[in-house]
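Remarks on the structure that follows.
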Amino acid sequence: MKIVAMIPARYAASRFPGKLMKMLGDKSVIRHTHDNTVATGLFDEVWVVTDSDIIYDEITAHGGSVLMSTKEHECGSDRIAEAAAQMDIDIIVNVQGDTPFVERKPLQQLIELFKDDTVEVASMMRPLEEKEMIQNPNIVKVVTSLNMNSLLFSRNPIPYPRNESIPIIHYEHIGIYAFTKQALLQFTKWPVTPLEDAEKIECLRFLEYGIPLRMTIVDYKGVGIDTPEDLKRAVEFL
């Protein structure tokens, strides 16, 4: 299989404009994401897909590969689908541009899920322990079936701990996806769905059209950057 990583990189993020060009140590956030993705050695190619000349110049100036998207897009998956449509590839891994601490092992676990040929879309999750993070709407939570297919993603705490006599584990969804090319292109043909629009969680579109995401539990301690507060946490983490 030909496996390619694509990093959607939108400059004008609604909650934190310009976040991908903020400095994190001695590199911009988007360069950390790109360089760490390349360093895993898992991919035949790594591409940043952007609508921004600033991000284009940032990546090409340091030897990376960039594609400019030509259309307006609702989400990152739509953006990379535009690029993937013209490529001869089997599996696309969507590494969000604001996840600068990506590592080899979690991505390898993600790719290995496609050994099951029934899997069309896959993603990652990790246990959440801090109550503050469980309640934080900027952190997307996920619940799964017994065979690790996603049932629901939400910014609310799920599951709700109605039965307080049993241990309940909450899982954070880590916004790194992998798709077959066919599944990704199908995604872009569907209009935005009601739950997706309400929660602003793009993978809900797959669930609303009947395609579950196969999830894997990973040991991942990075920080996704959605807000200025997240950037401060990322600097501390670095």
With a 3.5 Å distance limit and no angle check, can you tell me whether [X] reaches the backbone of [Y] through a side-chain donor-acceptor pair?
X: Asp197; Y: Pro194; answer: no
X: Ser52; Y: Ile54; answer: yes
X: Lys19; Y: Asp98; answer: no
X: Ser28; Y: Arg31; answer: yes
X: His32; Y: Leu24; answer: yes
X: Arg155; Y: Lys200; answer: yes
X: Thr40; Y: Asn36; answer: no
X: Glu208; Y: Glu196; answer: yes
X: Glu120; Y: Thr180; answer: no
X: Asp44; Y: Val4; answer: no

Can you name the nearest heavy-atom pair linking [X] to [Y], along with the distance?
X: Thr37; Y: Ala5; value: CG2-CB, 3.7 Å
X: Ile3; Y: Val93; value: CG2-CG2, 4.3 Å
X: Gly97; Y: Thr33; value: O-OG1, 2.8 Å
X: Ile217; Y: Pro127; value: CG2-CD, 4.2 Å
X: Thr193; Y: Tyr209; value: CG2-CE1, 3.2 Å

Residue pair Val95, His34: steps toward the side-chain contact (heavy atoms from CB on, under 4.5 Å) verdict: CA-CA 9 Å; Val95 179; His34 171 271; over 6 Å; no
Can you confirm whether [X] sits close enough to [Y] that some side-chain heavy atom of one is under 4.5 Å from a side-chain heavy atom of the other?
X: Phe237; Y: Phe101; answer: yes
X: Gln96; Y: Pro8; answer: yes
X: Val66; Y: Glu58; answer: no
X: Leu107; Y: Phe43; answer: yes
X: Met148; Y: Met125; answer: yes
X: Asp88; Y: Lys181; answer: no
X: Met215; Y: Ser123; answer: yes
X: Arg205; Y: Trp190; answer: yes

Side-chain cluster (under 4.5 Å, hydrophobic types only) that Met23 belongs to, other residues: none
Side-chain cluster (under 4.5 Å, hydrophobic types only) that Ile139 belongs to, other residues: Leu128, Met133, Ile134
Should [X] and [Y] be regarded as members of a common hydrophobic cluster, given that ILVMFWY residues are connected when their side-chain heavy atoms come within less than 4.5 Å of each other, either directly or indirectly?
X: Met1; Y: Ile176; result: yes
X: Ile89; Y: Leu185; result: no
X: Ile169; Y: Val142; result: yes
X: Leu151; Y: Ile168; result: no

For Glu45, salt bridge (charged side-chain N to carboxylate O under 4.0 Å, His left out) partners two or more places apart: Lys2
Test log, rule side-chain contact (heavy atoms from CB on, under 4.5 Å), inputs Tyr177 and Phe206: CA-CA 12 Å; Tyr177 307 95; Phe206 280 112; over 6 Å; no
Identified side chain to side chain contact (heavy atoms under 4.5 Å, CB included) counterpart of Glu202 within the set Val192, Asn94, Asp78: Asn94
Tyr56 OH: over 12 foreign heavy atoms closer than 6.0 Å: no
Ile166 CD1: over 12 foreign heavy atoms closer than 6.0 Å: yes
Modelled atom types, side-chain donor and acceptor of Ser69 and Glu82, under 3.5 Å: no
Intermediate values then yes/no, side-chain contact (heavy atoms from CB on, under 4.5 Å), Phe153 and Leu213: CA-CA 10 Å; Phe153 298 85; Leu213 286 72; 4.0 Å; yes
Worked verdict on Leu67 versus Gln86 for side-chain contact (heavy atoms from CB on, under 4.5 Å): CA-CA 12 Å; Leu67 292 167; Gln86 308 304 319; over 6 Å; no
